[in-house]
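Worksheet for the structure shown next.
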Amino acid sequence: MRILAFETSCDETSAAVIADGRVLSNVIATQIRLHAEYGGVVPELAAREHLKNLPVVAESALRQAGLGVGDIEGVAATAGPGLPQALWVGMRAAQAFAFARNRPFVGIHHHEAHLYSPWIEGEPPEAHFERFEPNISLIVSGGHTVLVQVEGILRHQVLGATMDDAAGECFDKVGKLLGLPYPGGPVMDRLAAEGRAEAYDFPRPLIREAGHDFSFSGLKTSVRYFLERNPDLAADPQRLRDLCASVQAAIVDVLIAKLMGAAHRWRVRCVTASGGVSCNRAFRARLGSEAKAAGMTVRFAPPSLCTDNAAMIGVLAERRLLAGDRSGYDDEIRPNWPLETLAIER
Ligand code: KG4
Ligand code: ZN
């Protein structure tokens with residue numbers, strides 16, 4: 001099935017064309033530089049940029065796929081969760097397109113799309129659901145930290161989520177405290193590569209709790225107090241690297257402990273991770289070695305599909321449309337859509 005998909009839930013404007021699980025094109029216009037000036041995403045600015053960029057990105061996705069509008073058999077967009085003004089642009093554009101061409105439309109849950117992105121691989125990327133194994137999946141980005149048990153395709157249940165800041169948000173807020181450019185995550189990753197993770201000891205919130213929830217705001221606060229006590233530390237390049245490595249180690253320790261803990265508890269043989277923070281090199285290396293030691297396979301979303309993109313929306317949309325799922329041409333966006341509402345019936 002040939003699908004045109006849009007993603008505009010935050011600060012990436014993206015359109016993709018999918019055909020029989022294969023990603024024919026995935027065009028992303030990032031607004032990251034625009035928002036960097038404000039140290040975070042400004043919703044009204046994001047919506048305005050989506051409005052400007054979506055037609056361009058959509059046309060280029062069709063052109064790269066070598067298809068015309070008449071070739072599209074199904075249409076999809078991220079319905080939620082996300083910034084309301086931003087979601088609205090992609091959703092209404094996709095609905096209008098589907099209505100005008102009399103094609104089926106489906107609104108996709110952004111986190112559910114992340115969940116299946118580790119099953120997309122190769123160049124050009126293609127969804128390999130025939131390789132699917134039941135797994136525990138961690139979605140970890142600037143907006144979300146969610147741990148999910150995935151029993152089968154379109155069959156999953158949420159185990160836990162962050163009670164306050166997302167892991168990426170913690171990276172970004174600490175980055176801001178350190179005077180690093182936004183977003184702080186990738187910058188800290190680079191600096192941490194030459195730092196000593198054992199230099200400073202920061203808390204690992206909830207690491208020993210049996211539950212599957214996360215909390216990162218206390219870690220950020222403890223870095224703030226630490227910097228108040230050591231005001232000149234970030235000005236010393238090596239100590240800055242050590243600090244980045246130490247904070248990163250605290251975040252990574254918690255993510256890995258929760259993910260591997262759930263994998264053992266639910267007796268799965270596969271763990272997966274997606275979202276911007278899953279690009280973090282220390283996280284990838286640690287998860288790779290821990291999973292190997294436990295005899296588990298590990299799958300990451302390909303780097304190009306780690307951050308927000310329409311390809312993962314289209315891949316899931318194809319599955320949903322083939323399963324008979326349809327949304328209305330006038331369905332509302334769902335900015336606070338809980339992933340739990342798509343959970344397995346038990
Ligand atoms: O998935 P994403 O592009 O957007 C959403 O939040 O949905 O993730 C962006 C987040 C930011 O917080 C960014 O700092 C973080 O992912 N991030 C990283 C790395 N690359 C991106 N955090 C740590 N290490 C990285 N290499
Ligand atoms: Zn995301």
Side-chain angles (χ1 to χ4, degrees), residues 5-14 26 28-33 35-36 39-41 43 46 77-83 86-87 90 108-118 137-146 148 161-162 165-178 180-193 195 197 214 216-217 219-220 244-256 273-287 300-313 315-316 335 337 339:
F6 296 156
E7 151 66 37
T8 64
S9 66
C10 190
D11 60 346
E12 325 281 357
T13 314
S14 181
N26 180 42
I28 305 173
T30 182
Q31 309 174 2
I32 215 153
R33 282 209 198 93
H35 299 286
V41 179
T78 305
L83 302 171
L87 286 169
I108 292 295
H109 192 294
H110 181 86
H111 298 175
E112 192 185 30
H114 269 302
L115 270 192
Y116 297 101
S117 58
S137 188
L138 178 69
I139 309 169
V140 65
S141 72
H144 13 276
T145 305
V146 191
V148 186
T162 184
D165 292 352
E169 197 176 351
C170 183
F171 269 112
D172 296 343
K173 286 180 174 171
V174 170
K176 200 168 180 176
L177 291 173
L178 296 174
L180 301 176
Y182 172 86
V187 185
M188 286 182 62
D189 182 345
R190 273 198 304 282
L191 291 170
F214 301 85
F216 289 105
S217 72
L219 170 56
K220 168 203 66 195
C244 288
S246 302
V247 175
Q248 175 178 274
I251 298 173
V252 168
D253 276 358
V254 173
L255 295 175
I256 302 275
S274 59
V277 179
S278 75
C279 289
N280 182 273
R281 287 172 293 173
F283 173 76
R284 287 202 170 207
R286 267 284 298 289
L287 186 57
F300 296 104
S304 64
L305 303 186
C306 264
T307 56
D308 291 345
N309 65 86
M312 66 178 187
I313 304 297
V315 164
L316 177 59
W337 193 359
L339 186 58

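Only heavy atoms go into these numbers, but all of them, side chains included; no hydrogens, no water, no symmetry mates. Counting starts at 1 for both ligands and their atoms, following the listed order.
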If you take all heavy atoms of [X] and [Y], which pair is closest and at what distance?
| X | Y | result |
| --- | --- | --- |
| K220 | L177 | O-CD1, 4.0 Å |
| R284 | S278 | NE-O, 2.6 Å |
| D308 | C10 | OD2-CB, 4.2 Å |

Looking at [atom], what's its closest protein heavy atom, distance included?
| atom | value |
| --- | --- |
| atom 4 (O) of ligand 1 | D308 OD2, 3.7 Å |
| atom 5 (C) of ligand 1 | S141 OG, 3.4 Å |
| atom 15 (C) of ligand 1 | V277 CG2, 3.9 Å |
| atom 11 (C) of ligand 1 | D172 OD2, 3.4 Å |
| atom 24 (N) of ligand 1 | N280 ND2, 3.0 Å |
| atom 22 (N) of ligand 1 | G185 CA, 3.4 Å |
| atom 1 (O) of ligand 1 | G276 N, 3.0 Å |

Original post:
Between atom CG of L287 and atom CG of N280, what is the distance when rounded to the nearest 0.5 Å?
Top reply: 11.5 Å
Original post:
Does M312 reach the side chain of L305, with side-chain heavy atoms less than 4.5 Å apart?
Top reply: no
Subject >> Any V277 side-chain heavy atom under 4.5 Å of L255 side chain >> reply: yes
Contacting atoms of ligand 1, where contact means under 4.0 angstrom from a heavy atom of [X]:
| X | answer |
| --- | --- |
| D189 | 24 (N), 25 (C), 26 (N) |
| G143 | 6 (O) |
| T307 | 1 (O), 3 (O) |
| H144 | 7 (O) |
| G168 | 12 (O) |
| F171 | 22 (N), 23 (C) |

Original post:
Is the Zn ion (ligand 2) less than 2.8 Å from at least one N/O/S atom of C10?
Top reply: no
Original post:
Can you tell me if P186 has a non-hydrogen atom under 4.0 Å from ligand 1?
Top reply: yes
Original post:
Heavy atom of R190 under 4.0 Å from ligand 1?
Top reply: no
**OP:** Classify the angle between the aromatic ring planes of F216 and F214 as parallel (below 30°), tilted (30 to 60°) or perpendicular (above 60°).
**Re:** parallel
**OP:** Could you check whether the rings of F283 and F300 sit parallel, tilted or perpendicular, using 30° and 60° as the cut-offs?
**Re:** perpendicular
**OP:** Look only at the side chain of E7 and the backbone of S14, and say whether a donor-acceptor pair between them is shorter than 3.5 Å.
**Re:** no
Original post:
Checking T145 side chain against A167 main chain: does a donor-acceptor pair fall under 3.5 Å?
Top reply: yes
**OP:** Applying side-chain contact (heavy atoms from CB on, under 4.5 Å) between V174 and each of M188, E169, Q248, report the one that passes.
**Re:** M188
**OP:** Test L115 against every option in L316, V146, L138, I139 by the side-chain contact (heavy atoms from CB on, under 4.5 Å) rule and name the one that passes.
**Re:** I139
Subject >> Among the N, O or S atoms of D308, the one nearest the Zn ion (ligand 2) >> reply: OD1
**OP:** Compare G275, G142, A192, P183 and give the one whose heavy atom is closest to atom 10 (C) of ligand 1.
**Re:** G142
Original post:
What angle sits at the Zn ion (ligand 2) between NE2 of H144 and NE2 of H114, to 10°?
Top reply: 100°
